[in-house]
Amino acid sequence: MADIEMSSGDYKNKHSRAIHLNYSGVASDLMELNPSVADNFMRVSDMRRNILIVQKPQDRVRDYEDVGFVKVAKFLKMPRLGLWRGDNMMQTRSEEDTWLIAINDQELADKVARDQTAGRKFEDRYVDAFNKEVNRGLLNCLKREKLFNSGKYNLAFAMGYFSLLNYDLSLLPVVVAAGLSGHLNTPVETISIITILTLTEHLFVNGLISLNAVYDDRFGKFGGSMLSSGLNDPFIKHSALEFMMPIVPIDRLIRGSRYLSQHGDEMIRRVAVS
């Protein structure tokens, strides 16, 4: 997948990865990507792959009718494409270092045309509906990257979930039980013990995973074995502060999801009329 352009107009992206709208379907000339909102989503969620929004391919479209300034197909037959995940309206998949979000523009336009919301033009309702599908796709990509390491089931993924299941989730009840039994005197002491143990474990495991990734990057992969970890994998930490975070980047998932809930309706906007 070719590199995605890193800027839109006068805006310069701050994150190393970007979202790009490469869409030529229904109402494509009426909407655009909001570059600052897109870049901020990529930054707060620390996405490790580019995201490309495209039109879902059709294998047969017939019986068109005019709705507003666009044509809408009444009857569709959608292809069943391998490796795509989602539903008939929106699907996602990964390709090399890029997440693809495919929007079924004809199906979406049909749905919007049937919903005759009073006082709003078809074009405005379509852009809003398109934006919601894009947000669903972004959330899907975010979950797959942060929870499943973008499908790379390597050392980072294995150690991340081993730590989460066997340490993070079991540490809290053990320390709390110790506090209740009188071995820890105050709630502050209990919280301090939990914090110190958790940060120490995160630092050690994150450091081990990152050292393995650096070795692989400099001296070559181990034939695609379980030990192989890429420097750009979602579970690999890139800053000192990240080394203190959970091995499974749940914090990034929460931040990205929260950002979409607050600013997702601004991701795709109507083209300004001059």
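In this chain, residues are counted from 1 in sequence order.
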Counting only N and O atoms by type, is there a donor-acceptor contact under 3.5 Å from the side chain of [X] to the main-chain atoms of [Y]?
{"X": "D233", "Y": "I236", "value": "no"}
{"X": "N154", "Y": "F157", "value": "yes"}
{"X": "R270", "Y": "M31", "value": "no"}
{"X": "S257", "Y": "I254", "value": "no"}
{"X": "R125", "Y": "D115", "value": "yes"}
{"X": "N135", "Y": "G264", "value": "yes"}
{"X": "N40", "Y": "S36", "value": "yes"}
{"X": "N104", "Y": "N88", "value": "yes"}
{"X": "D97", "Y": "N50", "value": "no"}
{"X": "N131", "Y": "I268", "value": "yes"}

If we only count heavy atoms from C-beta on, is the [X] to [Y] side-chain gap below 4.5 Å?
{"X": "D46", "Y": "E242", "answer": "yes"}
{"X": "Y153", "Y": "Y161", "answer": "no"}
{"X": "L142", "Y": "M47", "answer": "yes"}
{"X": "V26", "Y": "Q106", "answer": "yes"}
{"X": "L138", "Y": "L260", "answer": "yes"}
{"X": "S150", "Y": "P234", "answer": "yes"}
{"X": "I209", "Y": "I247", "answer": "yes"}
{"X": "I101", "Y": "V54", "answer": "no"}

Legend entry - Y126 vs D105, side chain to side chain contact (heavy atoms under 4.5 Å, CB included): CA-CA, chis, key distance, verdict: CA-CA 9 Å; Y126 182 84; D105 63 317; 3.2 Å; yes

Inset, instruction - Answer with yes or no after comparing the ring centroid distance for Y23 and F130 against a 6.0 Å cut-off, counting only values under it. - result: yes

Legend entry - Derivation of the salt bridge (Lys or Arg N to Asp or Glu O under 4.0 Å) call for R120 and D128: CA-CA 11 Å; R120 298 197 68 207; D128 288 347; 2.6 Å; yes

Legend entry - Sole residue of R49, R252, K152 in side-chain contact (heavy atoms from CB on, under 4.5 Å) with E145: R49

Legend entry - Nearest non-hydrogen partners of A129 and L108, listed with the distance: CB-CD1, 3.7 Å

Inset, instruction - Enter the distance from R48:CZ to N149:CG here, rounded to the nearest 0.5 Å. - result: 9.5 Å

